[in-house]
Undergrad: 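Shown below is the structure under consideration.
In what follows, chains carry the letters A, B, and so on, assigned in the order in which the sequence lines appear, proteins first and then strands, with residues in each chain numbered from 1. Everything numeric in this text was worked out from a predicted model, so none of it was measured.
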2 protein chains.
Amino acid sequence: MRPLFHPALEDIKPEAILYALSDPERLAIFAKLAGAGGGGTCSALADLGDRVIPKSSLSNHFKVLRESGLIRSERQGVEMRNQTRCTELDERFPGLIRAILTAYGQLPGQPKAD
Amino acid sequence: MRPLFHPALEDIKPEAILYALSDPERLAIFAKLAGAGGGGTCSALADLGDRVIPKSSLSNHFKVLRESGLIRSERQGVEMRNQTRCTELDERFPGLIRAILTAYGQLPGQPKAD
DNA sequence: TCAACAGTTCCGAATTTCTGAACTATGGAA
DNA sequence: TTCCATAGTTCAGAAATTCGGAACTGTTGA
C-alpha cells in the first residue's frame with residue numbers, strides 16, 4: 001500500500017478542487033464529511049441513499065478528494081479517518097468551499113436538497 | 001448549424017459549472033471573458049500564451065461553457081460574441097463565480113481576476 | 001497462525017475527450 | 001449573382017480517462 005499523498009496548502013489548485021467536486025458522488029461524500037465534523041470512514045460514507053458506491057470506486061473518490069487537497073486521510077487501526085481541510089482551504093481560497101456547498105444546497109445547517 | 005442552446009437560469013446545475021471550470025483552458029477563457037467585459041470572440045481567446053488551442057477544441061470549450069450556463073453566445077455577422085452570465089449566476093449561486101475567479105487569480109503568474 | 005474486515009490496487013470494458021479534416025454560414029468584392 | 005475569405009461547427013477515429021469486479025494488502029482479535 002503506497003503512502004497517502006496530501007498536497008501542501010500552497011500547492012492546492014482550484015481546478016483540482018472544482019474537478020473533485022464536480023462529481024455529485026464526491027460532492028455528497030465531501031458534504032457529509034463537512035457536516036459530520038468527525039472523521040468519517042470510507043464505508044460509513046458509501047451509502048448515498050439511492051445507490052451504494054462500489055468500494056473500489058469509493059476508494060478512488062477518496063483519493064481524488066485527498067489529492068486535490070479537500071480532505072486529509074489517516075489510517076487509524078483497520079480503518080481510515082477522513083476529515084475536511086475546510087479551515088486551511090478557506091484561508092487560501094476565501095469563500096470558495098462555502099459557496100460551492102451553498103450552491104449545492106448542502107451547506108451544513110441549511111435546509112438540505114437531498 | 002444547430003441553434004445555440006442556453007439553459008434557463010433555474011436549470012443551471014452547480015456540477016456543470018464546476019465541471020466546466022475544472023478545465024484550466026476553459027477557466028482561463030472564462031476568466032479572460034469575465035475580465036474583458038465586452039464580448040470576446042472565439043479566436044480572440046484562443047491564445048493562452050503557452051499554447052494555441054486548436055479551433056475544434058476551442059469550439060467545444062465554448063459549447064461546454066455555454067451549455068453549463070456560464071456564458072451567452074450570439075452570432076454577430078461572421079463571428080460569435082460571447083459574454084459571461086455572471087450577474088444572473090450570482091443571483092442563483094451567490095458568491096460562487098467570484099470565489100472561483102478570485103481563487104484562480106491567486107495562482108502565481110495568473111492575471112488577476114475581478 | 002488464522003480469519004475477518006477496511007480499504008487499495010489491478011486491469012479490462014465503457015465512456016469521454018481531443019483534434020485534424022471536412023463542412024456551414026456570413027459578408028464583401030467583382 | 002457568383003466567388004472567395006473568414007469564423008466557427010461538426011464529424012470521426014485515436015488517445016486518455018473513468019468505472020468497478022476480483023485479487024490483494026495491512027491490521028486486529030481470537
Side-chain angles (χ1 to χ4, degrees), chain A residues 1-6 13 15-30 32-33 36 38-48 50-68 70-83, chain B residues 1-6 13 15-30 32-33 36 38-48 50-68 70-83:
Chain A
M1 200 126 20
R2 293 166 198 157
L4 301 177
F5 172 73
H6 294 91
K13 302 275 184 299
E15 299 91 298
I17 290 179
L18 300 189
Y19 171 74
L21 296 182
S22 70
D23 179 293
E25 293 189 343
R26 277 193 296 264
L27 182 98
I29 291 169
F30 182 77
K32 270 197 204 176
L33 264 183
T41 63
C42 289
S43 50
L45 296 159
D47 188 352
L48 256 44
D50 51 346
R51 136 185 161 96
V52 174
I53 308 175
K55 63 181 189 165
S56 60
S57 304
L58 241 200
S59 180
N60 187 57
H61 283 332
F62 276 93
K63 184 182 181 195
V64 172
L65 290 169
R66 184 166 56 240
E67 301 193 345
S68 70
L70 281 161
I71 66 172
R72 228 178 250 294
S73 312
E74 189 185 355
R75 178 151 217 160
Q76 204 135 71
V78 77
E79 54 188 28
M80 198 73 101
R81 324 276 348 180
N82 296 284
Q83 54 186 310
Chain B
M1 201 125 21
R2 293 166 198 157
L4 303 177
F5 172 72
H6 294 90
K13 302 277 185 296
E15 52 272 44
I17 288 181
L18 299 192
Y19 170 75
L21 297 181
S22 70
D23 179 289
E25 294 189 342
R26 278 194 297 264
L27 183 52
I29 291 169
F30 183 76
K32 270 200 206 174
L33 263 184
T41 62
C42 290
S43 48
L45 296 159
D47 189 352
L48 256 44
D50 51 347
R51 135 182 160 99
V52 174
I53 307 174
K55 61 181 189 165
S56 59
S57 304
L58 242 200
S59 180
N60 188 56
H61 283 332
F62 276 93
K63 184 182 179 194
V64 172
L65 290 170
R66 184 167 57 239
E67 300 193 345
S68 70
L70 281 161
I71 65 171
R72 228 177 249 295
S73 311
E74 187 185 356
R75 178 150 219 159
Q76 204 134 71
V78 76
E79 55 189 27
M80 198 73 99
R81 322 278 347 180
N82 296 284
Q83 53 186 311

Undergrad: Just how far, in rounded Å, is P of D:dG8 from CD1 of B:I71?
TA: 11 Å

Undergrad: Report yes if the side chains of A:L21 and A:L65 come closer than 4.5 Å at any heavy-atom pair, otherwise no.
TA: yes

Undergrad: Between B:S73 and B:L4, what is the shortest heavy-atom contact and its length?
TA: O-CD1, 3.7 Å

Undergrad: So, using side chain to side chain donor-acceptor pair (under 3.5 Å) as the criterion, who are the partners of A:E79 when residues are at least two apart?
TA: A:R81

Undergrad: C:dG7 P sits how many Å from A:I53 CD1, rounded?
TA: 13 Å

Undergrad: Considering only side-chain heavy atoms of B:L4, which listed nucleotide, D:dC19, D:dT9, D:dG21, is closest?
TA: D:dT9

Undergrad: Considering residues at least two apart in sequence or located in another chain, which fulfil the side chain to side chain donor-acceptor pair (under 3.5 Å) criterion with B:S22?
TA: none

Undergrad: What's the shortest heavy-atom distance between B:M80 and B:N82, and which atoms?
TA: O-ND2, 3.7 Å

Undergrad: Roughly how many Å is it from CG in B:L58 to C1' in D:dT10, rounded to a whole number?
TA: 15 Å

Undergrad: Under 4.0 Å between a side-chain N or O of A:S57 and OP1 or OP2 of D:dG20?
TA: yes

Undergrad: Base, sugar-phosphate or nothing for A:R51? Non-hydrogen atoms, less than 4.0 Å.
TA: sugar-phosphate

Undergrad: Would you mind reading off the distance between A:M80 atom CE and D:dT27 atom P, rounded to a whole angstrom?
TA: 11 Å

Undergrad: To the nearest 0.5 Å, tell me how far A:K13 NZ sits from A:L18 CG.
TA: 13.0 Å

Undergrad: How many Å lie between NZ on A:K63 and P on D:dG20, as a whole number?
TA: 16 Å

Undergrad: If the condition is salt bridge (Lys or Arg N to Asp or Glu O under 4.0 Å), which residues does A:R72 pass it with, not counting sequence neighbours?
TA: A:E88

Undergrad: What is the distance, to the nearest angstrom, from the CZ atom on B:F62 to the P atom on D:dT9?
TA: 9 Å

Undergrad: Taking all atoms of both residues into account, what is the closest heavy-atom pair of A:A16 and A:S68, and its distance?
TA: O-CB, 3.6 Å

Undergrad: For residues 51-63 of chain B, dump all side-chain donor-acceptor pairs below 3.5 Å to protein atoms at least two apart in sequence or in another chain.
TA:
residue, atom, partner, partner atom, Å
B:R51, NE, B:E25, OE2, 2.5
B:R51, NH2, B:E25, OE1, 3.3
B:R51, NH2, B:E25, OE2, 2.7
B:H61, ND1, B:R26, NH1, 3.3
B:H61, NE2, B:E25, OE1, 2.8

Undergrad: So which of residues 72-79 of chain A are in contact with DNA chain D, with a heavy-atom cut-off of under 4.0 Å?
TA: A:R75, A:G77, A:V78

Undergrad: Produce the list of close N/O pairs, under 3.5 Å, pairing protein atoms with atoms of nucleotides 11-16 of chain D; give distances to one decimal.
TA:
residue, atom, partner, partner atom, Å
D:dC11, OP2, B:R2, NH2, 3.2

Undergrad: Could you give the NZ-to-C1' distance, from A:K55 to D:dG21, as a whole number of Å?
TA: 11 Å

Undergrad: OP1 or OP2 of D:dG8 versus the side-chain N and O atoms of B:R81: is any pair under 4.0 Å?
TA: no

